Amino acid sequence: MAEAEEERHLKLTGEFDCDPSPLSTLRHSTSHVMAQAVKRLFPDVKLAIGPAIEDGFYYDFAKAEPFSADDLGRIEEVMGEIARADHPFERREMDRPQAIRFFRERGEPFKVEILEAIDAPRVSLYQQGEFIDLCRGPHVPSTGHVRFFKLLASSGAYWRGDERNPMLQRIYGTAWLTREELDKHLWRLEEAKKRDHRKLGRELDLFAFHDVSPGAPFWLPHGMVIVRELERFAREAQDARGYTEISTPILVNKKLWEQSGHWEHYSDNMFRLEVEEQLFSLKPMNCPPSTFVYRHALRSYRDLPLRLSEMGRLHRNERSGTLTGLVRVRQFTQDDAHIYCRPDQLQDEITGVLELVREFYKTFNLEPSFRLATRPPKAMGSPEQWDAAERALHEALKANGLAYEVKPGDGAFYGPKIDIHIEDALGRDWQMATVQVDLVMLPERFQLEYIDADGQPKRPVAIHRAIFGSFERFIGVLTEHYAGAFPTWLAPVQARVLPISEKHAEYGRTVYERLRAARLRVELDDRNEKLGYRIREAQLKKVPYMLVVGERERASGTVSLRHRTGDELKDVSVERVIADFTREISARAPDLTVGRS
RNA sequence: GCUGGCGUAGCUCAGUGGAAGAGCAACUGCCUUGUAAGCAGUGGGUCGGGGGUUCAAGUCCUCCCGCCAGCGCCA
């Protein structure tokens with residue numbers, strides 16, 4: 001989104017073909033007002049570009065020293081002055097050579113560079129007060145319309161996004177049409193911080209990071225429960241769909257990676273180590289090792305499709321600055337699978353994978369978006385193969401009734417793919433699942449064959465697919481999606497038994513033992529603390545159910561049930577609690593239903 | 001990797017050159033507890049690591065590590 005905005009911003013044509021929606025026009029104008037304020041405070045800075053982006057805007061400046069937090073405050077003040085002065089935005093047009101001379105005289109080398117790179121004969125400039133900028137508009141009528149904004153952050157950014165170019169200083173801000181919308185947006189940003197999976201991971205004791213292994217999570221017992229439940233879910237679904245599970249080595253000799261092409265194309269991201277004068281690498285992908293399983297036996301056309309799944313532990317040497325909690329790590333586990341099939345089976349196999357994707361994501365109330373990436377300029381394989389593979393992907397999406405976006409030229413060099421993204425509750429976009437057709441890489445480089453009905457060896461097609469993507473990223477996203485309040489089947493602790501006082505500890509223990517015997521993840525909190533205190537702790541840990549037991553409950557063999565939503569259900573029998581739990585968990589239900597049956 | 005910011009108790013954070021602190025958590029005791037914090041006491045620190053400046057360094061300088069934001073990267 002941001003990239004596309006920037007791209008369009010740079011393609012000045014002098015026409016009003018920017019996104020002319022009121023909000024994006026306002027944000028664009030706000031970025032000009034900010035640039036004006038920056039120029040007033042720091043006359044030596046050079047202007048680069050300043051587009052509207054999703055939720056706001058930015059402007060890049062060439063400046064020796066970075067902007068400080070104090071600077072942002074001063075800039076905001078001057079922006080307020082400029083807004084109050086209500087300068088009109090005035091459009092002016094120039095011939096391109098004239099504009100180049102104009103900006104050269106004003107000492108704006110980036111504007112000159114932009115102008116030299118475009119082919120429009122005439123360009124437009126916009127002026128408000130003493131500030132004038134190359135821009136195709138449109139803008140709000142005057143700076144007085146710029147009222148509800150806030151500067152959020154500053155950071156380095158490369159000119160034209162290329163790390164070989166000089167680094168500029170970027171200021172991000174947000175702007176809205178009303179005070180209410182601005183406040184709401186700022187509130188949302190605060191909420192996002194609260195449900196950040198890194199914060200929740202620590203608070204809920206799910207996982208930890210340590211500088212002895214950057215980018216590799218330590219799964220704590222509670223987090224590991226979630227990993228195991230997701231693995232169980234994946235295995236159940238795959239078993240039901242005719243997958244068989246394999247496990248291949250993590251440490252693999254260089255010669256395999258040379259054969260697969262990774263050594264040539266991916267070695268910067270591979271951890272290598274030398275063992276008895278041989279070079280090895282930790283696998284960054286599962287596909288090359290999986291071919292050994294395919295080739296273990298001579299395959300008949302009757303054996304296909306062969307669906308080999310693997311919970312593959314991968315290592316990728318991501319650059320240090322890229323690591324982010326669980327969502328960008330150096331070590332992760334993929335719920336990977338490789339489906340080897342005949343060309344005539346491709347369609348059905350992809351359709352089946354997409355069904356699986358739908359089933360999985362529905363369970364979590366996640367709404368994925370589907371992007372079909374087609375043949376890139378540099379592609380291996382014949383156009384006929386590509387057409388067939390792309391057609392199969394289109395058809396599979398349609399068969400599943402899925403809306404999708406086409407990303408022309410975005411496919412891998414070895415085949416087209418569908419990338420599956422989800423937006424979390426805060427509107428951020430993550431790539432999760434992937435379905436990739438592989439026409440050449442595995443089949444050709446590893447010379448995979450099956451014996452067809454006519455007795456002749458043929459090349460199978462391979463499908464690489466992952467449904468969660470990686471358990472790490474998925475759990476990171478899921479934690480934020482649920483804000484830590486996992487549904488019961490995933491909750492590390494599903495219930496806590498809270499005896500009112502010491503007098504009821506024994507009955508509490510009985511209830512606890514019965515639930516434990518029913519294989520629930522239950523804890524007994526009979527600490528010498530007030531009930532309110534222990535309720536509060538269970539709430540903070542987002543335990544779905546609290547089972548309070550006192551005199552009345554002991555007498556009747558019941559519990560008083562409190563849901564973490566705050567709902568209370570009195571006098572529920574232990575039998576019913578267990579029955580409801582069992583049903584809710586085995587259905588992987590999204591909502592709390594115990595005591596409501 | 002680049003630019004900037006940050007790193008003090010398990011957690012959240014105060015401490016701008018002169019005796020390492022607070023709240024929560026933990027532990028102990030009192031209270032015997034009815035749906036989101038009862039009271040009191042106790043223990044807890046290589047101030048991320050190395051080197052340097054200084055009579056004196058959590059504080060200043062320097063190198064390294066990690067984290068955060070953005071950029072870039074992302075088969």
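This is a predicted model, so every value here is computed, not measured. To find a chain, count down the sequence lines: A is the first, B the second, and so on, and within it residues start at 1.
Nucleotides rG10(B) and rU33(B) have their C1' atoms positioned 28 Å apart, rounded to a whole Å. Taking atom C1' in both rG23(B) and rC63(B), one finds a spacing of 36 Å when rounded to whole Å. Taking atom P on both nucleotides, rA25(B) is separated from rC67(B) by 30 Å, rounded to a whole Å. If you take atom C1' in rA9(B) and the same atom in rG44(B), they sit 6 Å apart, rounded to whole Å. Atom P of rG29(B) sits at a distance of 48 Å from the matching atom of rC65(B), rounded to the whole Å.
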Go through the steps for H222(A) and D205(A) under the test side-chain hydrogen bond (donor to acceptor under 3.5 Å, both in side chains), then give the verdict. CA-CA 6 Å; H222(A) 283 178; D205(A) 303 309; 5.1 Å; no
Apply the test salt bridge (Lys or Arg N to Asp or Glu O under 4.0 Å) to residues R445(A) and E264(A): give CA-CA distance (whole Å), side-chain angles for both, the deciding distance (0.1 Å), then the verdict. CA-CA 14 Å; R445(A) 281 184 181 263; E264(A) 188 185 348; 5.0 Å; no
E318(A) and L323(A): CA distance, side-chain angles, deciding distance, side-chain contact (heavy atoms from CB on, under 4.5 Å) verdict: CA-CA 7 Å; E318(A) 306 290 357; L323(A) 302 176; 4.0 Å; yes
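Within residues 252-260 of chain A, no residue has any heavy atom under 4.0 Å from RNA chain B. Near RNA chain B, meaning a heavy atom under 4.0 Å from it, residues 286-293 of chain A has no residue at all. Of the residues in residues 200-211 of chain A, those with a non-hydrogen atom less than 4.0 angstrom from any atom of RNA chain B are R202(A), D211(A).
The CD-P distance, from Q169(A) to rG5(B), rounds to 10 Å in whole Å. Taking atom CD of Q436(A) as the reference point, atom C1' of rC74(B) lies 13 Å away to the nearest angstrom. Straight-line distance from the CD atom of Q334(A) to the P atom of rA75(B): 13 Å, rounded to whole Å. For the pair H338(A) NE2 and rA75(B) C1', the computed distance is 11 Å after rounding to whole Å. The CG-C1' distance, from D71(A) to rG4(B), rounds to 12 Å in whole Å. Protein atom CZ of R536(A) is 16 Å distant from nucleotide atom P of rU35(B), rounded to whole Å. I418(A) places its CD1 atom 17 Å from the C1' atom of rA75(B), with the value rounded to the nearest Å. Going from atom CG of L326(A) over to atom P of rC67(B) covers 13 Å, rounded to whole Å.
Residue R319(A) has its side chain nearest to rG72(B) when only rA36(B), rA75(B), rG72(B) are considered. Minimum atom distance to the side chain of Y533(A) is reached by rA37(B), of the listed rA37(B), rA75(B), rU35(B). Nearest nucleotide to the T324(A) side chain, out of rU35(B), rC2(B), rA69(B): rA69(B). Taking the side chain of M167(A) as heavy atoms from C-beta on, and the options rC71(B), rG34(B), rU3(B), the nearest nucleotide is rU3(B). Residue M285(A) places its side chain closer to rA75(B) than to any other of rA75(B), rC73(B), rC71(B). Set against rC71(B), rU35(B), rA36(B), the side chain of L531(A) has rU35(B) as its closest nucleotide. In the set rU35(B), rU33(B), rG1(B), the nucleotide with an atom closest to the side chain of K530(A) is rU33(B). Taking every side-chain heavy atom of Y158(A) into account, rG1(B) is the closest of rG1(B), rU32(B), rA75(B). Of the listed nucleotides (rG70(B), rA69(B), rG72(B)), rG70(B) has the atom at the smallest distance from the side chain of Y172(A).
Y414(A) and Q436(A) are linked by a side-chain donor-acceptor pair at a separation below 3.5 angstrom, with hydrogens and angles left out of the test. Side-chain atoms of Q539(A) and R562(A) form a donor-acceptor pair, as typed in the model, at a separation below 3.5 Å.
When heavy atoms are screened at a 4.0 angstrom cut-off, K570(A) is found touching base atoms of the nucleic acid. Contact annotation for G532(A): backbone-only contact, meaning every heavy-atom pair under 4.0 Å involves sugar-phosphate atoms and none involves a base. At a threshold of 4.0 angstrom between heavy atoms, the contacts of H464(A) with the nucleic acid are absent. At a threshold of 4.0 angstrom between heavy atoms, the contacts of E553(A) include nucleobase atoms, whether or not backbone atoms are also involved. Residue-level contact check: R328(A) touches the bases, meaning some heavy atom is under 4.0 Å from a base atom. If you check every strand for non-hydrogen atoms under 4.0 Å, E551(A) touches a base. Within the nucleic acid shown, L323(A) comes within 4.0 Å of sugar-phosphate atoms alone, with no base atom in reach, counting heavy atoms only.
Note on D567(A) versus R596(A): salt bridge recorded, some NZ/NE/NH1/NH2 to OD/OE distance being below 4.0 Å. Under a 4.0 Å N-O distance rule, the pair E310(A)/K283(A) qualifies as a salt bridge. A salt bridge does not link E113(A) with K46(A): every distance from a Lys NZ or Arg NE/NH1/NH2 to an Asp or Glu carboxylate oxygen is 4.0 Å or more.
When each of E537(A) and F67(A) is assigned the nucleotide of RNA chain B with its nearest heavy atom, F67(A) is the one assigned upstream, toward the 5' end. Toward the 5′ end of RNA chain B lies the nearest nucleotide of P214(A), the other residue of the pair P214(A) and T322(A) mapping further downstream.
A cation-pi contact, defined as under 6.0 Å to the ring centre and within 45° of the axis, links R170(A) to Y58(A).
Among the duplex regions that RNA chain B forms, those built from at least three successive Watson-Crick or G-U pairs under 3.5 Å are B:1-7 with B:65-71, B:10-13 with B:21-24, B:26-30 with B:38-42, B:48-52 with B:60-64, ordered by first number.
Enclosure of atom CD in E506(A) is not indicated, since only 12 or fewer non-hydrogen atoms of other residues, nucleotides or ligands lie within 6.0 angstrom. Within 6.0 Å of atom CZ in R459(A), more than 12 heavy atoms from other residues, nucleotides or ligands are found, so the atom counts as buried in its surroundings.
Distances shorter than 4.0 Å separate none of the side-chain N or O atoms of R198(A) from OP1 or OP2 on rC67(B). Contact annotation: R330(A) side-chain N/O to rC74(B) OP1/OP2 distance is not under 4.0 Å. Between R527(A) and the phosphate of rU28(B), there is no side-chain N or O to OP1/OP2 separation shorter than 4.0 Å. Contact between the side-chain N/O atoms of R562(A) and the OP1/OP2 oxygens of rA36(B) is found at a separation under 4.0 Å.
Counting only distance, with no hydrogens or angles, the side chain of R195(A) and the backbone of Y482(A) share no donor-acceptor pair below 3.5 Å.
Judged as a salt bridge (Lys or Arg N to Asp or Glu O under 4.0 Å), and not counting sequence neighbours, E65(A) has no contacts. By the salt bridge (Lys or Arg N to Asp or Glu O under 4.0 Å) test, E349(A) pairs with R307(A), sequence neighbours left out.
When all heavy atoms of L547(A) and A495(A) are compared, the pair lying nearest together is CD1-CB, 4.1 Å. R27(A) approaches D55(A) most closely through the heavy-atom pair NH1-N, 3.4 Å.
Ring geometry for F413(A) versus H265(A): interplanar angle of 30 to 60°, hence tilted.
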